[in-house]
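Please read the structure below before turning to the comments.
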Amino acid sequence: MTSGDPIISAAKLLSEGKLVAFPTETVYGLGADATNDQAVAGIFAAKGRPRFNPLIVHFANTEAAAQEVVFDVRAERLAERFWPGPLSLVLQRNPETRISLLCSAGLDTQAVRLPDHPVAKALLASCGCPVAGPSANASGRISPTSAEDVRASLGGRVDLILDGGACPVGLESTVLDLSSERARLLRPGAVTLEELSEELDEIVVGQDQGPLRSPGQLTSHYAPERPVLLDAKTVDADQALLAFGPVPLPGAGKTLNLSESGDLKEAAANLFAHLRALDSSAYRSIAVMPIPETGLGIAINDRLRRAAAPRNIDELKVQF
Ligand code: TXA
Ligand code: MG
């Protein structure tokens, strides 16, 4: 561990092409200088991430982000209201951009966002470069919401982990595709469809039938080791239970409650940590109680469905 100010050390490592894990309000990111091809290639290697899955690039301010992409009036409007915050915008790359093409993974678009976390903000201000940052987990696994999670998932493959405590939102950012005329919600998150609809007229939800737009949104994702069973009505002693609300199902071997009061914000913040904790226990499967499909519940259920999806490599052929 380097002595002195960890932000200065982290910024220096980034400028040398090294990998730094950093906290954001959503989840921890695995950062590299987005303009350095070799550094960005290092992210794919450390995560075991398929090269066809593009990366979100993080910026210190809207002006810096707007330089690298075609930042239209829709983007300006959303940035004004939601940045810094848990919203990533997919936009056409500016032909002059310095962002490594690897970040776009062969697409002509680039996802950009301004995180709202003091450590991420300090790092971005201090390093002076855009920072490519997927979630700091091994590809296909649960996103980390603490420095300890990053250590457990990527450990020695990261040059420095900045510890900013638990991530307050706990779910990855909302991903909105503005690269064509029709806005498209590619990943639900803490900025909800209702909120986005207050700013934009028509938003299509989900992938289209054409070429894969957001390869990270393959069905199986965010997956614990153990099978995940949704909408549990009963539970056995050899199962772990992820409960929600004041009345957890009786009979589970171990129970963790996302929110006893039924608060969706609290549930989102606890989701990944609880899934990890139940996954490392000795139970046959993880049963999950129903979560309301409203507001933040939409993003929570999206992640739970992916955690429960069959882990079949053939899904690529099935889905697309
Ligand atoms: O909250 C977050 O977004 C976190 C923090 C660290 O910022 N990052 C994150 O990155 O979740 P990642 O790489 O784990 O997820 C990014 C998602 C993936 O589903 C990816 O396929 C999609 O965004 N994505 C990235 N660039 C894209 C693009 N140009 N077009 C379509 N989808 C894109
Ligand atoms: Mg991820």
Side-chain angles (χ1 to χ4, degrees), residues 26-27 86 135 137-146 148-149 152-153 166-174 185 187-190 192-194 205-207 216-315 318-319:
T26 58
V27 300
S135 51
N137 51 280
S139 186
R141 294 296 173 192
I142 302 174
S143 293
T145 51
S146 72
E148 192 41 50
D149 293 346
S153 197
C167 300
V169 173
L171 294 179
E172 306 84 352
S173 62
T174 304
L185 181 69
R187 179 171 74 183
T192 61
L193 184 59
E194 291 80 23
V205 176
Q207 306 270 332
Q217 296 306 95
L218 299 173
T219 309
S220 170
H221 215 77
Y222 314 103
E225 305 273 349
R226 277 164 193 72
V228 174
L229 310 171
L230 301 181
D231 292 328
K233 302 284 186 296
T234 60
V235 65
D236 294 327
D238 61 353
Q239 288 181 294
L241 177 69
L242 188 60
F244 179 78
V247 195
L249 290 172
K254 174 176 179 169
T255 296
L256 288 178
N257 202 330
L258 288 171
S259 171
E260 277 176 31
S261 65
D263 177 46
L264 290 169
K265 229 171 157 181
E266 184 185 11
N270 284 330
L271 180 65
F272 290 151
H274 281 9
L275 273 176
R276 272 177 200 275
L278 295 177
D279 198 29
S280 62
S281 62
Y283 300 99
R284 169 168 68 85
S285 57
I286 303 170
V288 184
M289 288 176 65
I291 316 278
E293 187 78 7
T294 55
L296 202 44
I298 293 175
I300 296 173
N301 284 321
D302 169 77
R303 304 309 189 274
L304 283 169
R305 276 193 289 275
R306 292 174 202 287
R311 328 266 164 89
N312 185 350
I313 201 91
D314 285 342
E315 71 167 319
V318 175
Q319 258 214 315

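Everything quoted here is computed from the prediction, not taken from an experiment.
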- Message: Counting only heavy atoms not in K265 (residues, nucleotides, ligands), do more than 12 fall under 6.0 Å from its NZ?
- Response: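 Atom NZ in K265 is not packed in, count stays at 12 or less.
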
Would you give the length of the straight line joining atom [atom1] of [X] to atom [atom2] of [Y], rounded to the nearest 0.5 angstrom?
| X | Y | atom1 | atom2 | result |
| --- | --- | --- | --- | --- |
| F272 | D279 | CZ | CG | 13.0 Å |
| L229 | L304 | CG | CG | 11.5 Å |
| L278 | T255 | CG | OG1 | 8.0 Å |

- Task: Please tell me if the side chains of R284 and P227 come closer than 4.5 Å, counting only heavy atoms from C-beta onward.
- Result: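 Result no, sub-4.5 Å side-chain heavy-atom pair not found.
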
- Query: Hey, does L241 have a side-chain heavy atom less than 4.5 Å from the side chain of Y283?
  - Reply: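 A side-chain contact is absent here, since even the closest heavy-atom pair is not under 4.5 Å.
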
Look only at the side chain of [X] and the backbone of [Y], and say whether a donor-acceptor pair between them is shorter than 3.5 Å.
| X | Y | value |
| --- | --- | --- |
| T145 | C167 | no |
| T174 | G189 | yes |
| D238 | G253 | no |
| R276 | I142 | yes |

When you compare the side chains of [X] and [Y], does any donor N or O come within less than 3.5 Å of an acceptor on the partner?
| X | Y | answer |
| --- | --- | --- |
| R187 | S173 | yes |
| E194 | T192 | yes |
| Q239 | S285 | yes |
| N137 | S135 | yes |

Heavy-atom pair with the smallest gap, counting every atom of [X] and [Y]:
| X | Y | answer |
| --- | --- | --- |
| A232 | L249 | O-CD1, 3.5 Å |
| D302 | R306 | OD1-NH2, 2.8 Å |
| V27 | P144 | CB-O, 3.4 Å |
| L258 | F244 | CB-CD1, 4.2 Å |
| V235 | P250 | CG1-O, 3.3 Å |
| A308 | L230 | CB-CG, 3.8 Å |

Contacts table for residues 286-296: side-chain donor-acceptor under 3.5 angstrom, sequence neighbours left out:
residue : atom : partner : partner atom : Å
E293    : OE1  : N301    : ND2          : 2.7

- Stepwise side chain to side chain contact (heavy atoms under 4.5 Å, CB included) test for L242 and L271: CA-CA 9 Å; L242 188 60; L271 180 65; 4.0 Å; yes

